[in-house]
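Written below as structure tokens is the structure these notes are about.
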2 protein chains.
Amino acid sequence: MDRTDQSLIALRRILRSTELYTRDLASAAGLTPAQLRVLQIVSGKGGTATPKELSKQMGVSQATVTALVDKLVARGHVARERSDVDRRQTNVNITARGRAAVAEAPDALQQRYVKAFEALEGWEQMMLVAALERVAGMLDARDLDAAPVLAIGDIGSSSVPH
Amino acid sequence: MDRTDQSLIALRRILRSTELYTRDLASAAGLTPAQLRVLQIVSGKGGTATPKELSKQMGVSQATVTALVDKLVARGHVARERSDVDRRQTNVNITARGRAAVAEAPDALQQRYVKAFEALEGWEQMMLVAALERVAGMLDARDLDAAPVLAIGDIGSSSVPH
DNA sequence: GCTGTTTCGTTCGTCTATCAAAGTAAGTGG
DNA sequence: CCACTTACTTTGATAGACGAACGAAACAGC
């Protein structure tokens with residue numbers, strides 16, 4: 001087996017672990033994975049976001065975002081509010097309850113990862129960061145012209161410094 | 001920002017790129033992501049697998065596998081066959097058409113990644129493989145049966161402590 | 001042999017995620 | 001004020017996912 005295959009297998013293991021884990025995580029928090037993602041994004045943007053932003057960030061249609069926000073509103077995790085600056089826009093604001101749900105999400109996978117990561121030597125941490133960023137850059141759709149789906153959203157412009 | 005955050009951000013970028021891409025890939029192949037995954041697994045196991053194996057490998061219930069296989073059967077990508085050794089079991093066999101679908105899946109992300117990876121110097125490839133496997137190991141506490149891999153080696157530099 | 005238990009797969013009912021298309025409401029530029 | 005665009009929602013459809021209940025086959029233990 002060559003190194004390319006090895007790297008692909010390792011990537012698939014990473015993907016699989018996180019995918020399986022996301023389901024556990026969300027269900028433990030009483031939310032579905034997609035709903036949790038919405039909450040996390042809203043929370044990460046300082047507690048408010050528009051459906052448009054969510055749609056872009058998540059790579060799904062606005063119709064889907066509407067449905068997800070409906071559910072979160074029904075459960076009291078977020079509240080809708082008409083924007084004053086542009087009344088076509090709706091602000092999706094996280095509630096105290098929503099914040100609590102995000103905070104209390106028993107993020108065992110991430111905790112395990114963080115713990116393992118922080119147990120490493122400094123030079124190993126740097127090596128891993130460099131490698132992960134390298135791989136992320138290799139996968140990033142930024143330069144692809146012919147992939148409309150991937151062109152959705154400003155990948156990284158909000159959260160990934162370069 | 002500390003190195004832990006940097007590594008988490010890079011990981012999320014990797015996850016996001018692949019997740020968005022999977023949808024594009026599957027739709028171009030005329031399949032849904034879940035259906036394509038079934039086909040890929042069956043194909044990877046030599047052309048036949050049981051629902052139980054698929055369920056385990058994919059991390060979904062058997063009921064879900066049944067539904068997915070139903071769809072693939074309807075489209076002629078796989079065929080069911082009763083096992084002779086244990087007649088409770090059903091073998092899901094890939095058809096020529098199924099193989100073609102897997103082979104023709106325009107796996108642009110992977111191709112793009114492979115191309116970038118293979119353009120790297122040998123030592124860089126080794127570094128990335130070591131790093132990815134390291135991360136996979138940190139995330140992947142349970143099932144090791146998913147991939148035919150392998151204890152993480154050190155990368156040739158003699159002093160990787162653990 | 002029998003009888004109870006486990007395993008494998010399926011069926012059924014239900015919920016969520018998702019989209020495309022059509023609709024509504026609000027801003028923008030003649 | 002009219003046409004156009006933008007932001008969001010509604011509607012109707014399909015797919016994915018689960019748990020519960022089920023039949024069939026294998027496997028116990030006598």
Side-chain angles (χ1 to χ4, degrees), chain A residues 19-39 41-42 48-75 77-93 148-149 152-153, chain B residues 19-39 41-42 48-75 77-93:
Chain A
E19 183 208 327
L20 291 183
Y21 184 68
T22 299
R23 289 216 276 272
D24 291 350
L25 203 203
S27 82
L31 297 165
T32 63
Q35 289 168 12
L36 181 59
R37 242 184 312 157
V38 171
L39 267 192
I41 291 172
V42 173
T48 189
T50 65
K52 180 83 174 179
E53 289 171 329
L54 289 168
S55 159
K56 270 183 143 186
Q57 188 99 17
M58 297 177 67
V60 301
S61 70
Q62 282 190 195
T64 300
V65 171
T66 295
L68 291 173
V69 171
D70 281 350
K71 304 245 168 72
L72 290 172
V73 167
R75 284 182 170 76
H77 289 115
V78 301
R80 282 195 176 92
E81 178 197 23
R82 228 20 179 296
S83 167
D84 284 337
V85 290
D86 182 342
R87 288 159 63 76
R88 288 170 307 181
Q89 290 187 324
T90 300
N91 290 323
V92 176
N93 299 316
V149 168
I152 285 176
Chain B
E19 184 207 326
L20 290 182
Y21 184 67
T22 298
R23 291 215 275 271
D24 194 36
L25 205 203
S27 83
L31 296 165
T32 63
Q35 289 168 13
L36 180 59
R37 240 183 315 157
V38 170
L39 269 192
I41 291 172
V42 172
T48 188
T50 66
K52 179 79 174 184
E53 289 170 329
L54 289 167
S55 157
K56 221 182 149 190
Q57 187 101 16
M58 297 175 69
V60 301
S61 69
Q62 283 190 318
T64 299
V65 171
T66 295
L68 292 172
V69 171
D70 281 350
K71 304 239 170 76
L72 290 172
V73 167
R75 283 181 170 78
H77 289 114
V78 300
R80 282 196 177 91
E81 177 198 22
R82 226 23 178 295
S83 166
D84 283 339
V85 290
D86 182 341
R87 287 158 63 77
R88 288 170 307 180
Q89 290 186 323
T90 301
N91 291 323
V92 176
N93 300 316

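All values derive from a computational prediction rather than experimental measurement.
If you take CG of A:Leu54 and P of C:dC19, they are 13 Å apart, rounded to a whole angstrom. Atom NZ of A:Lys52 is separated from atom P of C:dA26 by 18 Å (rounded to the nearest Å). B:Gln89 places its CD atom 19 Å from the P atom of C:dT6, with the value rounded to the nearest Å. We find that CD of B:Glu53 is positioned 16 Å from P of C:dT7, with the value rounded to whole Å.
Residues from residues 66-75 of chain B that place a heavy atom under 4.0 Å from any atom of DNA chain C, listed by number: B:Thr66. Residues from residues 79-88 of chain B lying near DNA chain D, meaning a heavy-atom separation below 4.0 Å, are B:Asp86, B:Arg87, B:Arg88 in numerical order.
Closest approach of B:Val92 to B:Pro51, counting heavy atoms only: CG2-CD, 4.1 Å. Closest of all the heavy-atom pairs between B:Val60 and B:Ser55 is O-OG, 2.7 Å.
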List, one per line, each side-chain donor-acceptor pair under 3.5 Å for residues 65-75 of chain B, sequence neighbours excluded.
residue : atom : partner : partner atom : Å
B:Thr66 : OG1  : B:Gln62 : O            : 3.1
B:Asp70 : OD1  : B:Arg80 : NH1          : 3.1
B:Asp70 : OD1  : B:Arg80 : NH2          : 2.9

Under 3.5 Å between N/O atoms: give me all the protein pairs with nucleotides 20-22 of chain C, atom names plus distance.
none

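Heavy-atom contacts of chain B under 4.0 Å fall on DNA chain D between two terminal nucleotides, which in 5' to 3' order are D:dA15 to D:dA26.
For A:Arg88, the salt bridge (charged side-chain N to carboxylate O under 4.0 Å, His left out) partners two or more places apart in sequence, or in a different chain, are A:Asp86. The side-chain hydrogen bond (donor to acceptor under 3.5 Å, both in side chains) test applied to B:Thr48 returns B:Asn93, not counting sequence neighbours. Applying the side-chain hydrogen bond (donor to acceptor under 3.5 Å, both in side chains) test to A:Ser61 and every residue at least two apart in sequence or in another chain returns A:Thr64. The salt bridge (charged side-chain N to carboxylate O under 4.0 Å, His left out) test applied to A:Glu19 returns A:Arg23, B:Arg37, not counting sequence neighbours.
Rounding to the nearest 0.5 Å gives a distance of 5.5 Å between OG1 of A:Thr50 and CD of A:Gln89.
Side chain of A:Thr90 to backbone of A:Arg82: no donor-acceptor contact under 3.5 angstrom is found.
For B:Gln62, a side-chain nitrogen or oxygen approaches OP1 or OP2 of C:dG9 to under 4.0 Å.
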